[in-house]
2 protein chains.
Amino acid sequence: MTLTELRYIVTLARERHFGRAAEKCHVSQPTLSVALKKVEQRFGITLFERSSADVRLTPIGEQIAAQAERVLEESARLQEIARQGKNPLVGPLRLGVIFTIAPYLLPRLIPSLHARAPDMPLHLQENFTVRLGEQLRRGELDAIVVADPFVEPGIVTGALYDEPFAAILPSGHPLTAKEILAPRDIVGENLLLLGPGNCFRDQVVQACPQLSEPGGTEGAREGSSLETVRHMVASGAGMSIVPISAALSWPAQDELLQLRRFSEPGPQRRVVVAWRASFPRPQAIDALRQAVADALPASAVPVRR
Amino acid sequence: MTLTELRYIVTLARERHFGRAAEKCHVSQPTLSVALKKVEQRFGITLFERSSADVRLTPIGEQIAAQAERVLEESARLQEIARQGKNPLVGPLRLGVIFTIAPYLLPRLIPSLHARAPDMPLHLQENFTVRLGEQLRRGELDAIVVADPFVEPGIVTGALYDEPFAAILPSGHPLTAKEILAPRDIVGENLLLLGPGNCFRDQVVQACPQLSEPGGTEGAREGSSLETVRHMVASGAGMSIVPISAALSWPAQDELLQLRRFSEPGPQRRVVVAWRASFPRPQAIDALRQAVADALPASAVPVRR
DNA sequence: GGGTGTCAATAGTCATTGGCTATCGAAAAT
DNA sequence: ATTTTCGATAGCCAATGACTATTGACACCC
């Protein structure tokens, strides 16, 4: 059973003439003749009654030809699907972004990516790095935006930008006296951290020497999101460290909150996009990376490609 | 595009494992591997994302696999149609019978043929020989029962039986005095004939010498069917000649009508079945001929095969 | 009634295809 | 580090499907 054979059947059924049908199929008359004879003896059925006058369909041939036409129709639809699926920038991209980046990156990223790839809708998810990583490996997500380092077998990454950290302090806090902070200024301060699971928490801990010692985070207060931390700081519960892109998205004139940058080279993290090495639409990843480059959060530091 | 390839796609989509899928398709793993790679590069699409962990369908692959399944489904239905159409004694036989035979043959033929080929319904038509011949040539009928000779290009015939003629006379007609008639007894009698178009009319004319002379049928009265002729004879309008199978189907004790046979060898006609030489179900014709042999009209003379 | 033309079937040849075995290479698991 | 797993590759071969040239059957026509 071959689709070519079915095409022969259908064409001959229409033309009722071997020569013309062969021409329509772009084959020679003997080819058509032999092919149909083969089909008939494979089925054990005569599909066409040949007399010198003309070629007629038998009743069973009529049924077969009709059904063959249906098969060809469906296979044509298949080819159409394949044709339309050819463009890698068509079809959804399932993107995961960690909690501490999503709210500050996506508002600028989405329109930028939409401009580059209007037929690639985003299916978005915000979550912790570990959850995103699992889903990426399982093929439930196509790409995730996380903090470097992100090393997993079968997963490759590309840098997006560097994101400096900044301190937020309640108005009147002693450290607000300094325009620029040094990392060691933090030592001994009452530091608010994100809850466990947020990779940003670990990055802050790494960046602040005293916190990485055993028991260093004991007694530290925790917030469940950067927004919670911001409000806790504003209410005087202590100071905190946040990505500067988050801080700059907040109202600059907040009377209760002061922002201080660190002296260079201050603490920062690198934001990367990760995807399966086997992901078949690298062009979609490229588009994403370029869209991010065009839509960098305020104060992010571009990475040279 | 091959149905085999589609089968590969569908199976791999189900198994998500080249080795197992290959086994299910009864081919080697490299065969499957190569075939799918070929399909993918022909389409210009990646259907399956292979990682060392497992094989996953891409979104477009999902669509393709679903459509491929539909194609295979339709092609399976095609094969099913072919399988069922294999028996030549299944499916209708379009049979034509001339007016002067149908009413006397069919009542016995139909049950006989039904017993031999219960799944071959008869599509029946009664008509003149010429009409039946046209439809047979055009493929609108599969077989026709007519009187010999019936010679047409591309048409072959087989004898069914010989049918003697008999005379019917109104009671009291002088010829009723004889038990057996000689053909020359008819000369000068007032003979009722069938209307033009009925081949039986021509056969009677041929059988009766004086009628075939120019102007021999002038003044002969005509009836439109054997039944009409019968009633015309019964009402005293003249005598007639009919096939004995017709006469014997009539009530034997009809007081108004007398039946007389001819002395051997009397006039008769041979009844044959005709079909296109290219008709693809000769077994159906065989069944028909055997059914006729089993259901000969009364007084018909069987023909040795 | 013997050419003539038409049309499908057959013969013979050849390139392509689709399948196999054996082996490789990458990645995980032990 | 070694072994195992699994898909990809290489190389080979038989089967397939297409071609050209020709035959055979059948109407048609002068």
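Since this is a predicted model, take the numbers as computed values, not measurements.
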**Q** A:Glu49 has an atom CD; how far is it from atom C1' of C:dA8, in whole Å?
**A** 14 Å
**Q** Would you say the side-chain atoms of B:Thr11 pair up with the backbone N or O of B:Cys25, donor to acceptor, closer than 3.5 Å?
**A** no
**Q** Rounding to a whole Å, what distance do you find between A:Glu23:CD and C:dC7:C1'?
**A** 14 Å
**Q** For DNA chain D, whose closest nucleotide is more 5', that of B:Gly154 or that of B:Gly19?
**A** B:Gly19
**Q** Taking only nitrogen or oxygen atoms into account, show me every contact under 3.5 Å that the protein makes with nucleotides 13-16 of chain C, one pair per line with its distance.
**A**
none

**Q** Hey, does the side chain of A:Arg50 come within less than 4.0 Å of C:dC7's phosphate (OP1/OP2), counting only N and O?
**A** no
**Q** Rounded to whole Å, how long is the line connecting atom CZ of A:Arg56 with atom P of C:dA8?
**A** 13 Å
**Q** Rounded to whole angstroms, how far apart are NE2 on A:His17 and C1' on D:dC26?
**A** 14 Å
**Q** Regarding B:Arg269 and B:Thr100, is there a side-chain donor-to-acceptor distance under 3.5 Å anywhere?
**A** yes
**Q** So, B:Glu80 and B:Gln84: side-chain donor and acceptor under 3.5 Å apart, yes or no?
**A** yes
**Q** Before accepting this row, confirm whether a basic side-chain N of the pair B:Arg50/B:Glu40 lies closer than 4.0 Å to the acidic partner's carboxylate O.
**A** yes
**Q** What heavy-atom pair brings B:Met120 and B:Pro92 nearest, and what distance separates the two atoms?
**A** CG-C, 4.4 Å
**Q** Which pair of non-hydrogen atoms, one from B:Leu89 and one from B:Arg116, has the smallest distance, and what is that distance?
**A** CD1-O, 4.5 Å
**Q** To the nearest 0.5 Å, what is the distance between CD1 (B:Ile64) and CZ (B:Phe48)?
**A** 10.0 Å
**Q** Excluding sequence neighbours, so at least two apart, what forms salt bridge (Lys or Arg N to Asp or Glu O under 4.0 Å) with B:Glu69?
**A** B:Arg14
**Q** Would you tabulate the pairs of protein nitrogen or oxygen atoms and nucleotide nitrogen or oxygen atoms of nucleotides 1-3 of chain C closer than 3.5 angstrom?
**A**
none

**Q** Does either side chain, that of B:Glu49 or that of A:Ser278, offer a donor lying less than 3.5 Å from an acceptor on the other one?
**A** yes
**Q** Okay, side chain of A:Thr2, backbone of A:Glu5: is any donor-acceptor separation there less than 3.5 Å?
**A** no
**Q** Between A:Glu23 and A:Arg20, does any side-chain N to carboxylate O distance fall below 4.0 Å?
**A** no
**Q** Could you work out, with salt bridge (Lys or Arg N to Asp or Glu O under 4.0 Å) as the rule, every residue matching A:Glu140, not counting sequence neighbours?
**A** A:Arg138
**Q** Do A:Gln203 and A:Cys199 come close enough that some side-chain heavy atom pair is under 4.5 Å?
**A** yes
**Q** For nucleotides 14-18 of chain D, which of its nitrogen or oxygen atoms have a protein nitrogen or oxygen under 3.5 Å away, and what is each distance?
**A**
from: D:dA18; atom 1: OP1; to: A:Tyr8; atom 2: OH; distance (Å): 3.3
from: D:dA18; atom 1: OP2; to: A:Tyr8; atom 2: OH; distance (Å): 3.3

**Q** Return the value, rounded to whole Å, for the distance between atom CD of B:Glu15 and atom C1' of D:dG7.
**A** 16 Å
**Q** Below 4.0 angstrom, N of the basic side chain to O of the carboxylate: do A:Arg70 and A:Glu73 qualify?
**A** no
**Q** Starting the side chain at C-beta, find the nucleotide from D:dT9, C:dT10, C:dA9 nearest to B:Lys37.
**A** D:dT9
**Q** Specify the separation, in whole Å, of atom CG of A:Leu32 and atom C1' of C:dT10.
**A** 15 Å
**Q** Could you check how far CZ of B:Phe18 sits from C1' of D:dA8, rounded to whole Å?
**A** 9 Å
**Q** Give me the distances for all protein-to-nucleotides 23-26 of chain C N/O pairs that come in under 3.5 Å?
**A**
none

**Q** Using atom CZ of B:Arg276 as one end and atom P of D:dC26 as the other, report the distance to the nearest whole Å.
**A** 15 Å
